[in-house]
Protein chains: 2
Amino acid sequence: MKLTSKGRYAVMALVDLARFDTINPVSLRDISLRQGISLDYLEQIFSKLKKNQIVKSTRGIQGGYILSKKPNEIKLNNILNAVDEKVKTVQCKKESKKGCNGKATKCVTHNLWDELETHINTFFEKKSLQDLLKNNSERVN
Amino acid sequence: MKLTSKGRYAVMALVDLARFDTINPVSLRDISLRQGISLDYLEQIFSKLKKNQIVKSTRGIQGGYILSKKPNEIKLNNILNAVDEKVKTVQCKKESKKGCNGKATKCVTHNLWDELETHINTFFEKKSLQDLLKNNSERVN
DNA sequence: ACATACCTGACTAAAATGGTCAAGTTTAGA
DNA sequence: TCTAAACTTGACCATTTTAGTCAGGTATGT
C-alpha cells in the first residue's frame with residue numbers, strides 16, 4: 001500500500017484551486033509558487049487529474065485549470081485514484097484460482113488486507129474537497 | 001505511508017506460530033516451509049519481533065520460537081510496529097516550529113494525514129492474533 | 001562433537017519515488 | 001500577425017526503499 005507525496009500534492013493543489021478558481025482559471029505556475037511544488041511535477045499530476053475529469057483546462061494566456069465539479073462533489077477518493085494512489089496493500093503473489101502463494105487456501109492475512117482497504121477507502125470516500133476548505137478557513141492565518 | 005510484504009510476512013508467521021507452538025518451540029525452518037517465506041528473510045523479521053518482546057527464542061536442537069504473550073494479547077499494531085511498518089504518511093518536509101514547507105501555517109493536508117493515521121491505527125489496535133486464528137479455523141481447509 | 005537452529009551484518013537487484021529536461025501545441029492579446 | 005503565457009507529452013534520471021541473498025558466526029541439546 002502506498003500513500004506518498006504525489007497524492008498529498010494533488011490534494012494540496014486542488015484545495016488551492018478550489019480557493020482561487022472562482023473568477024479566472026488558475027495557472028499551475030501560481031499553484032507551484034503558492035504551494036511550493038515543482039511546476040514540472042504539477043504538470044504530470046494535473047495531466048492525470050484532467051484525464052479523470054476532475055479538472056478542466058484552458059490554454060493560452062490567462063489560461064489555467066478549474067475544477068470540473070463543485071468542491072463538495074469531489075471526494076478525496078476520486079483524487080487519489082486519479083493520481084494512481086490507489087489504496088492497495090501488497091497482493092499475495094500469483095493468487096491462483098484457489099489460494100495464495102500456490103497454496104490450496106487463501107493465506108491468513110488475505111481477508112485482513114481486504115478489510116483494511118475497505119476501512120481506508122471509506123475514510124476517503126467521506127471526505128470531500130469542501131471539507132478541507134472549511135478546515136482551512138477556520139484556521140486564522 | 002507503507003504497508004508491505006514485511007508486515008504481511010510477520011503476521012503470517014505469527015499466526016503460524018500461534019497454531020503450532022503449543023507443545024514445542026517452532027523453528028523458522030518449519031514456518032518457512034509452511035508459509036513459503038524465505039528463511040533468511042524470516043530471520044531478519046524474527047530478530048525484530050524478539051527485540052520487541054513479541055516472541056521468545058530457544059537455541060539449539062529442538063529450539064525455535066514461541067509467542068511471549070497469549071494470542072489475544074498481541075495486537076496487529078504491536079506486530080507491525082515491531083517490524084518498522086509504522087503507519088506513517090508522508091511528512092511535510094521540515095515541519096518547522098510553525099508550519100509545513102517553510103510556510104507560516106500548516107499545509108491543508110496536514111490534519112488530514114493525521115486523521116488517517118489514527119483511523120488506520122485504530123483498525124490495527126482492535127485486531128489481535130487471536131482474531132486471525134479464529135478467522136482461519138472457521139475456514140475449512 | 002556435531003547437527004540444528006538462532007543470530008548478525010553486509011550486500012544487492014529491482015522497483016518505486018520524486019522529480020528534471022526537452023520539445024512541443026494552443027491561444028489571448030498587443 | 002507575432003509573441004509570450006500556459007498547457008501537453010514523453011523521455012530521462014538520481015535516490016531511496018523493498019525484498020530479499022549470502023556468508024559467516026554462536027549457542028545448545030543429545
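So that the names make sense, note that chain A is the first sequence line, chain B the second, and so on, each numbered from 1.
Between the CE atom of B:Met12 and the P atom of D:dA19 there is a distance of 13 Å, rounded to whole Å. The nearest whole Å value for the distance from the NZ atom in A:Lys50 to the C1' atom in D:dT8 is 8 Å. One interatomic measurement links the two molecules: OH of A:Tyr41 to C1' of D:dT8, which rounds to 18 Å at whole-angstrom precision. One atom, CG of B:Leu42, and another, P of D:dC22, lie 16 Å apart when rounded to the nearest Å. Between B:Asn24 atom CG and C:dC6 atom P there is a gap of 13 Å when expressed in whole angstrom units. Atoms CG (B:Asp40) and C1' (C:dC11) sit 12 Å apart, rounded to a whole Å. As a whole-Å value, the separation of A:Ile66 CD1 from D:dC7 P is 12 Å. Rounded to an integer number of Å, the gap from OH of B:Tyr9 to P of D:dT21 is 9 Å.
There is a side-chain donor-acceptor pair under 3.5 Å between A:Ser57 and A:Lys50.
Here the nucleotide nearest the side chain of B:Arg29, chosen from C:dA5, C:dT17, D:dT21, is C:dA5. Distances from the side chain of B:Ser38 to the nucleotides C:dT17, D:dC7, D:dT21 place D:dT21 closest. If you check C:dT20, D:dT8, C:dC6 against the side chain of B:Ser57, the one that comes closest is C:dC6.
The aromatic rings of B:His119 and A:His119 sit parallel to each other, their planes meeting at less than 30°, with 60° as the upper class boundary. Ring-plane geometry between B:Trp113 and A:Phe124 is classed as perpendicular, the angle between the planes exceeding 60 degrees on a 0 to 90 degree scale with a lower cut at 30.
Taking hydrophobic clusters as Ile, Leu, Val, Met, Phe, Trp and Tyr residues chained together by side-chain heavy-atom distances below 4.5 Å, B:Ile31 does not share a cluster with B:Ile61. A single hydrophobic cluster is seen to contain both B:Tyr65 and B:Leu133, as judged by linkage of ILVMFWY side chains at heavy-atom distances under 4.5 Å, directly or through other members.
Contact annotation: B:Ser27 does not reach the phosphate of C:dC6 (side-chain N/O to OP1 or OP2, under 4.0 Å).
Residue B:Val55 is classed as having no contact, given no heavy-atom separation below 4.0 Å to the nucleic acid. Backbone-only engagement by B:Tyr65 is indicated by non-hydrogen atom pairs under 4.0 Å involving sugar-phosphate atoms exclusively.
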Give me the distances for all protein-to-nucleotides 24-26 of chain C N/O pairs that come in under 3.5 Å?
from	atom 1	to	atom 2	distance (Å)
C:dT25	O2	A:Arg59	NH1	3.0
C:dT26	O4'	A:Arg59	NH1	2.2

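With hydrogens and angles ignored, no donor-acceptor pair closer than 3.5 Å exists between the side chain of A:Glu43 and the base of D:dC7. For D:dT8, its base never sits under 3.5 Å from the side chain of A:Gln44 at any donor and acceptor pair.
For A:Gln62, there are no side-chain contact (heavy atoms from CB on, under 4.5 Å) partners, not counting sequence neighbours.
For the pair A:Ser47 and A:Gln62, both in contact range of DNA chain D, the more 5′-proximal nearest nucleotide belongs to A:Gln62.
Within 6.0 Å of the NZ atom in B:Lys75, the count of heavy atoms belonging to other residues, nucleotides or ligands exceeds 12.
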